[in-house]
Amino acid sequence: MDNLAVLSLLALTPILLVGVLLVGFRLPAMYAMPAGYIVVVGIAVHFWNTEWTAVAASSLQGLILALGLLYIIFGALLLLSTLTKSGAITTIRRTFTDISPDRRVQAIIIGWLFGSFIEGASGFGTPAAVVAPLMLALGFPAMAAVMVGMVIQSTPVSFGAVGTPILVGVSGGLDGGGGVEERAFELGMSFPEYVSEIGFRTVVLHAAAGTLVPLLICCMLCGFYGKNRRFSDGLGAWKFALFAALSLTIPSVLYNYFLGVEFTSLLGGLTGLVIVVLAARKGFLLPKKVWDFPPRKDWLERWVGKIEPGDGKEAVAGQGRTIGFLNAWAPYMLVAAVLVISRTVTPLKEWLEGITLGAEDIFGTGIGESVQPLFSPGATFVLVCLVTYGLHRVGRRKIIASWKMAGSQLAGAAVALLFAVPLVRVFINTGQEFGGTTLESMPLTLATGAAELGGTNWPLFAPWIGALGAFVAGSNTISNLMFSLFQHATADHIAVPAENVVAAQAAGGAAGNMVTVHNVVAASAVVGLLGREGDVLRQTVLPMIYYLLVTGSLSFVLIHGVGLNVGTVVLVLTLVGLAALLRWLRHRDADEPLTSIERDAGGLR
């Protein structure tokens, strides 16, 4: 079969099936992902002629990756349960309520700023695993905590894990590709300098799109989880939200330009956190009217999971003492410090990365995968837990209870992840080297079909391919590895600067993290929210669409300039349309209180 349209549709089928089951039928991921896995195996074998040994090897490769993710999740769960048992959560909760009891402010500081710092240090879904349980402990509904944890995995993601999506994803995707060295030479750059240039253009796109992310988080919190489900209530924090956004995006651009890709999110997030916390303690731009969630008795059942949200009563039973501010925060600060040191001190990093578990050539297919148990953020979490036992004087019974709690919570995420990641690997490993076919792999076939539809307007669509790759592969880094060369070649074909198009790919891949299924599963697991992944995706897809429209249209404008062109029109319509929607919601909410039926429907008429 050589019909591109039919092949593209076939390649899209597993992704569509998972999306329909999760979002349309609201099935838990533990059911949707096995169905998607069965379908992708059938298509790979019967239409791509993928050998069964390659399917088995890809599945085993996915299982190894999934176990690595479960390791991280367990570490995050263990840290949360340890802090809960020690009583430190009470002090941590007070830290943010002392700044402001306003939940919008707390979400911005914890999610947007602290989460961006953690993303810069570790990446790979770690921010949601850290900030979601922290917000849960502060009294957020579990689903709201997951939503915030997923939405913030956008702007800082391209430079997560000390720049891995650019330095490994884009660099590895372009390395040795036709036309790449020629373009770098044309610009008077070496290949590493060319990759850094792509990184700078990426951070510019993120700075533009990311400026409104904190405000969108505020509106979504109020619209989906407020007493009256008024999206416009989020606008009450607009000054603080924009201040917090610029406190991160401007330093990120400067760090990228002067220091390099590695420190963009790492130092950008830390700088923004320091600036905003100090300003907030002085009351600078804080909302005049405090916003909070409705009383817990009025929460919808689907908002909560198996772990009870914090209520400020997590005292240290039987010890008669309170954990001090520095002592309570020490574990999270230690997590950040260990992550930074282990990823920036080269001899230590090389030693930790050198210890691996896995296989290099599974079943003789050339497919391999390994995990680095000591370099993984999971090891950092466990190490910090061990230190915390002494730091907080946690007794033996509470230590045992914390491990049991973390283990029981981990079980719910295991099924979904153990099928989701193998699905991705089978999807990717379907090219010519894995069977008797002349076809490109499913992702490249799908991307080629999309390029045929896009034509000269391709820069508008480039971020959507990046998001698609992240949704399927669960990683901005893997999305860039899969599609960077394709994006570069497409740009050459339509005679536009390829570095702009690859930057759009990288930005889109970051935005796609907002709807990455196994990241949603992982974030949900650490707050005990299982079987509600589809509900979370229905919410996070909204800011993702905004992000892709802005980065795509801005990429087009940076290539062709401002004028009467499709890029300018889409950019203006997106921003004007968003402003008009928020204005309309504000007037509507002021004039028409929502009925209970409309509130239960999520606040949408």
Side-chain angles (χ1 to χ4, degrees), residues 154-155 157-158 165-166 169-170 173-174 179-180 183 186-187 194-195 197-213 216 249 253 256 446-471 476 479-480 482-512 514 541-581:
S154 50
T155 305
V157 167
S158 288
I166 300 295
V170 170
L174 295 180
V180 177
R183 178 59 181 169
E186 182 182 338
L187 296 175
Y194 186 55
V195 171
E197 176 65 19
I198 292 171
F200 179 72
R201 299 191 185 210
T202 302
V203 77
V204 170
L205 294 177
H206 279 306
T211 298
L212 291 181
V213 168
L216 291 176
T249 56
V253 172
N256 186 288
L446 188 57
T448 302
E452 290 290 327
L453 294 175
T456 57
N457 295 324
W458 180 251
L460 284 171
F461 302 102
W464 296 81
I465 295 299
L468 175 65
F471 175 76
N476 187 194
S479 177
N480 290 342
M482 286 195 299
F483 293 133
S484 288
L485 185 58
F486 159 74
Q487 299 274 19
H488 198 282
T490 303
D492 283 344
H493 183 71
I494 61 175
V496 299
E499 54 275 11
N500 288 82
V501 177
V502 178
Q505 149 71 34
M514 287 190 259
V541 73
L542 301 174
M544 184 199 70
I545 291 173
Y546 150 79
Y547 216 97
L548 297 178
L549 287 172
V550 171
T551 53
S553 56
L554 183 59
S555 176
F556 189 99
V557 168
L558 290 175
I559 291 172
H560 298 287
V562 177
L564 292 177
N565 56 52
V566 65
T568 303
V569 171
V570 172
L571 181 60
V572 171
L573 287 178
T574 300
L575 298 178
V576 171
L578 182 61
L581 175 62

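Computed over heavy atoms, backbone and side chain alike; hydrogens, waters and symmetry mates excluded. Just so it is clear, the model here is predicted, and its values are computed rather than measured.
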Q: Do the side chain of Ser553 and the main chain of Val570 share a donor and acceptor less than 3.5 angstrom apart?
A: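 No, the answer is negative, given that no donor and acceptor are paired below the 3.5 Å cut-off.
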
Q: Between the side chain of Glu499 and the main-chain N/O of Tyr194, is any donor-acceptor distance below 3.5 Å?
A: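 Judged by distance alone, no pair lies under 3.5 Å.
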
Q: As an exercise, state the distance from CG of Leu212 to OG1 of Thr155, rounded to the nearest 0.5 Å.
A: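 Taking CG in Leu212 and OG1 in Thr155, the distance rounds to 10.0 Å.
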
Q: How many angstroms lie between atom CD of Gln487 and atom CD1 of Ile198, to the nearest 0.5 angstrom?
A: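 The distance works out to 11.0 Å.
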
Q: Test His206 against Tyr547 for ring pair (Phe, Tyr, Trp, His ring centres under 6.0 Å), laying out the working first.
A: CA-CA 9 Å; His206 279 306; Tyr547 216 97; 5.7 Å; yes

Q: To the nearest 0.5 Å, how far apart are CG in Asn476 and OG in Ser158?
A: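 Those atoms lie 4.5 Å apart.
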
Q: What's the separation between atom OG in Ser154 and atom CG in Leu216, rounded to the nearest 0.5 Å?
A: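 Interatomic distance, Ser154 OG to Leu216 CG, rounded to 0.5 Å: 9.5 Å.
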
Q: Could you tell me if the side chain of Pro463 sits less than 4.5 Å from the side chain of Leu549, heavy atoms only?
A: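 Not in contact.
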
Q: Are side-chain heavy atoms of Pro459 and Asn500 found at a separation under 4.5 Å?
A: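 SC-SC contact between Pro459 and Asn500 ruled out.
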
Q: Any sub-3.5 Å donor-acceptor pair from Asn480's side-chain atoms to Pro165's backbone N or O?
A: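 At least one qualifying donor-acceptor pair exists.
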
Q: Would you say the side chain of Pro543 lies within less than 4.5 Å of the side chain of Val213, judging by non-hydrogen atoms?
A: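 Counting from C-beta outward, Val213 and Pro543 never come under 4.5 Å.
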
Q: Kindly compute the distance separating OG1 (Thr202) from CZ (Phe200), expressed to the nearest 0.5 Å.
A: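 That separation rounds to 10.5 Å.
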
Q: Determine whether a donor-acceptor pair (N or O, by modelled atom type, separation under 3.5 Å) exists between the side chain of Asn565 and the backbone of Gly561.
A: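 Yes, because the side chain of Asn565 sits within donor-acceptor range (under 3.5 Å) of the backbone of Gly561.
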
Q: Using side-chain contact (heavy atoms from CB on, under 4.5 Å) as the criterion, point out the one residue from Leu573, Val572, Leu571 that pairs with Leu575.
A: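 Single pass found, and it is Leu571.
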
Q: With a 4.5 Å limit on heavy-atom distance, are the side chains of Leu453 and Phe461 in contact?
A: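 The answer is no, as the side chains (C-beta and beyond) never meet within the 4.5 Å cut-off.
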
Q: Are His493 and Phe486, when compared by the centres of their aromatic rings, separated by less than 6.0 Å?
A: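 No.
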
Q: Measure the CG-CG distance between Leu558 and Leu205 for me, rounded to the nearest 0.5 Å.
A: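 Rounded to the nearest 0.5 Å, the CG-CG separation comes out at 6.5 Å.
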
Q: Does Ser484 reach the main-chain N or O of Leu174 with its side chain, forming a donor-acceptor pair under 3.5 Å?
A: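 No: the side chain of Ser484 does not pair with the backbone of Leu174.
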
Q: In this structure, which one of Thr551, Val569, Asn457 forms a side-chain contact (heavy atoms from CB on, under 4.5 Å) with Phe556?
A: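 Considering Thr551, Val569, Asn457, a side-chain contact (heavy atoms from CB on, under 4.5 Å) with Phe556 is found only for Asn457.
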
Q: Side-chain contact test, heavy atoms from C-beta onward, threshold under 4.5 Å: evaluate it for Val501 versus Thr490 and give yes or no.
A: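 No - every pair of side-chain heavy atoms lies 4.5 Å or more apart.
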
Q: So, Ser479 versus Gln505: side-chain donor-acceptor pair below 3.5 Å or not?
A: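 Yes, Gln505 and Ser479 have a side-chain donor paired with an acceptor closer than 3.5 Å.
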
